[in-house]
Structure formats: structure tokens, C-alpha cells
Amino acid sequence: MTALDPALVVDWFAAHARDLPWRRPGFSAWGTLVSEFMLQQTQVARVVPILEDWLRRWPTPADLAAAPPSEVLRAWGRLGYPRRALALHACATTIAEQHGNVVPEDVDALLALPGIGDYTARAIAVFAHGHRHPVVDTNVRRVIARAVQGVAQPGPPNARRDLPAMAALLPEDLVAQRAFNAGTMELGAIVCTARAPRCGECPLADVCAWRLAGHPEPDGPPPRRQARFEGSDRQRRGRVMAELRASDVPVSEAELAQVLPDPEGRARILAGLERDGLAARSEGGWSLPL
DNA sequence: AAATCGGGGGG
DNA sequence: CCCCCAGATTT
């Protein structure tokens, strides 16, 4: 494994970074936190418009904390995984009440907040506050797997290995490490993509261990195939949530039956949503939680 | 370690 | 059609 000159990534990023809201000068730490919640498993292009509406409406944690969950879930719209919206709301409440309405800077303090894990905590510490930490998302894991380890795909996510691997590459300089973190992510997002990497446009092409080895195929057992979405409980949950978001009054069991005809499946889905705090029984039917 | 959790983009 | 996506949490 060669060292991999961080300047290759930093210089490429300076020239090719996409113009995204969270890269605007003066973008708030709160805005960065909100963007990171929305970006957990949802693509950039879908996040941007919702994020801008969201920050206009709730410019600080206390503003969001004061809103009812029903409105938070409506504003979340179709971003997916609506439990993230509830976690973000809870996160805002904790920041408003326990951190003086200021987004914490320490990774440990961030990790203690709901909905924030290894990636998000470090992303906020680095991008919102300029601290030095390895930021490892799926893009970074893929770039390291290829450029450094010489394999087509990273192994399963494991912070015990992934964080030190990125830390070993991270420049000491505070400005450079931030650009290296962001640049490595960006490289994985738009050049070193999972499906069809654009090695011809890659600043690491000449030093990439995977390319130099002749792009060997993935080894080991193939990953378990993702379950079908069509006909899944996830699709059913999504349909119920869409109905609840669209109605100002409780949605009757009969109305829900038009979306989920099977009584047994309907009961299972509603019980799950209720347990997750995403739906509430009310007089005459089901509603978003107030 | 594996399952669960939405919904859509793009090869 | 199928894989992938700026992951976190629970089992």
C-alpha cells in the first residue's frame, strides 16, 4: 500500500467540487447537521430542495424543537426513512435544552444525540466546526478500498477498521484535512462510483492500486441481494405515511383499507408505525403524531 | 453480524 | 430489472 498523496485529492476537489448549499460560505452548523440527517441514505439531488425549505422555516434548533412532529413529518415529505425526521426533531430539542441552542463541537457530545452515529458525528465536527477527524461514508470506504487496498469493493462497514484507515491518510493541516475528507467523499460520489467508475477523470488514476492491478473483480462471496421493494412492508409503511401526511383530519380505517386491503397486513403496519412514533390512533382513525 | 427502515436515481 | 445511495439502530 502506497501512501497516497492527499494533495491529489485536495487539488482535484478545489477544481471540481459541486456547488452545494452546505458548501456556501457562512452556511450554519445547524444547517450542516440538518443536511447530514437528510443525506443518510438519500441522494444529494433529492435533499437539496427539502433542505432549503427546512432551514428557511426552522433556522435554529429551537425553532424546530417548537414544531409539532406532524409538521416535521410533513416537511420531511418523501425523503424516506421518516424515523430520521423524528430523530432530527429530538436532536433539535436536546440541543436547544441542553446545549444552549448551539450545535456541539465534540464528537462524543454529537454521538450522544439521537440519530447521530459514527459518520454523522464526525461529518459535523469536521465540516461545521473544522475539527480534525476521519470522516468515513460509503464513498470514502470505496475510494480507500480501490486506491489504497487495490480491491474492487470495500468489506462490510466496520468503524474499528474504517476510521483508522482514513485517519492514516489524513493530512495534519486543519484546512487540508477538511478538504481531504470532503474531497474523498466527492471523488467517490462523482468519479470513483460503485457501478461505472470514471477512471479517466480520476486524479488518483496513476497511483490507484486497483487500477494498477488491472481492475480485479470482487473476491469472496457475493453480497446478499437487497429485498424487493415492491410488495414489501417498507412500501406499505410508505403508503400509510403518505396518506397521513396528506390529511389534516384522522384517516379512517376504511380509507386505509383502500391502500392496504389485507386486514392482517394493515394491522401489522399500523402497529409498527405506532410503536415507532410515526402514527397515532385518534378519534375516527389514524393521524400523524401531534 | 444481520435485519430493519423509503423511495427514487441511473446503468 | 437491479444495484446503490454523505447510515443509524435494533436484534
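Just so you know, these numbers come straight off a predicted model, no measurement behind them. Chain letters run A, B, ... following the sequence lines, proteins first and then strands; every chain starts at 1.
- The side chain of A:Arg83 places no N or O atom within less than 4.0 Å of a non-bridging phosphate oxygen (OP1 or OP2) of B:dT4.
- Using a 4.0 Å cut-off, no side-chain N or O of A:Gln40 falls inside it from OP1 or OP2 of C:dG7.
- Computed from coordinates, the A:Leu73 CG to B:dG6 C1' distance equals 13 Å when rounded to whole Å.
- Between the side chain of A:Glu230 and the base of B:dG7, no donor-acceptor pair under 3.5 Å is found.
- Residue A:Arg78 has no polar side-chain atom (N or O) positioned under 4.0 Å from OP1 or OP2 of B:dG6.
- Residue contacts shown for A:Gly117 are limited to sugar-phosphate atoms, with no base heavy atom under 4.0 Å away.
- Contact annotation for A:Arg23: base contact, defined as any heavy-atom pair under 4.0 Å involving a base atom.
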Walk me through whether A:Arg178 and A:Asn181 qualify under side-chain hydrogen bond (donor to acceptor under 3.5 Å, both in side chains). CA-CA 5 Å; A:Arg178 190 173 183 279; A:Asn181 275 308; over 6 Å; no

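- Within the 4.0 angstrom heavy-atom criterion, no nucleotide atom of any strand lies near A:Pro156.
- Protein atom CG of A:Asn181 is 16 Å distant from nucleotide atom P of C:dA6, rounded to whole Å.
- A donor-acceptor contact under 3.5 Å is not formed by the side chain of A:Gln41 with the base of C:dC5.
- Put simply, CG on A:Asp276 is 8 Å from P on B:dC5, counting in whole angstrom units.
- Whole-Å rounding puts the A:Met38 CE to C:dA8 C1' distance at 17 Å.
- Comparing A:Ala242 and A:Arg198 along DNA chain B, the residue whose closest nucleotide (by nearest heavy atom) sits nearer the 5' end is A:Ala242.
- Between the CZ atom of A:Arg225 and the C1' atom of C:dC2 there is a distance of 7 Å, rounded to whole Å.
- Comparing the same atom, P, in C:dA6 and in B:dG10 gives a spacing of 11 Å after rounding to whole Å.
- On a pure distance criterion of 3.5 Å, a polar donor-acceptor pair joins the side chain of A:Arg195 and the base of C:dC3.
- Dashed line: the shortest gap from a side-chain N or O of A:Arg46 to OP1 or OP2 of B:dG9 is not under 4.0 Å.
- Heavy atoms of A:Thr42 sit under 4.0 angstrom from at least one base atom.
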Mind running salt bridge (Lys or Arg N to Asp or Glu O under 4.0 Å) on A:Arg122 and A:Asp118 for me, showing each step along the way? CA-CA 6 Å; A:Arg122 289 172 180 79; A:Asp118 288 316; 3.4 Å; yes

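- Taking atom P in both B:dA3 and C:dC3, one finds a spacing of 16 Å when rounded to whole Å.
- Nucleotides of DNA chain C nearest to A:Ala121 and A:Arg228 differ in position, and the one nearer the 5' end is that of A:Arg228.
- Here the side chains of A:Gln40 and A:Tyr81 are not in contact, with every heavy-atom distance at 4.5 Å or above.
- If you take atom C1' in B:dG6 and the same atom in C:dC5, they sit 12 Å apart, rounded to whole Å.
- Going from atom CZ of A:Phe229 over to atom P of B:dG7 covers 5 Å, rounded to whole Å.
- Across all strands, A:Arg142 comes closer than 4.0 Å only to sugar-phosphate atoms, never to a base (heavy-atom distances).
- Using a 4.0 Å heavy-atom distance criterion, A:Leu79 is classed as a base contact.
- Look at A:Thr120 and you'll find a side-chain N or O under 4.0 angstrom from OP1 or OP2 of C:dA8.
- Residues A:Ile116 and A:Gln226 both approach DNA chain C. Their nearest nucleotides, taken by heavy-atom distance, put A:Gln226 toward the 5′ side.
- Counting any heavy atom pair closer than 4.0 Å across all strands shown, A:Pro114 reaches sugar-phosphate atoms only and no base atom.
- Following rounding to the nearest Å, A:Arg236 (CZ) and B:dC5 (P) show an atom-to-atom distance of 11 Å.
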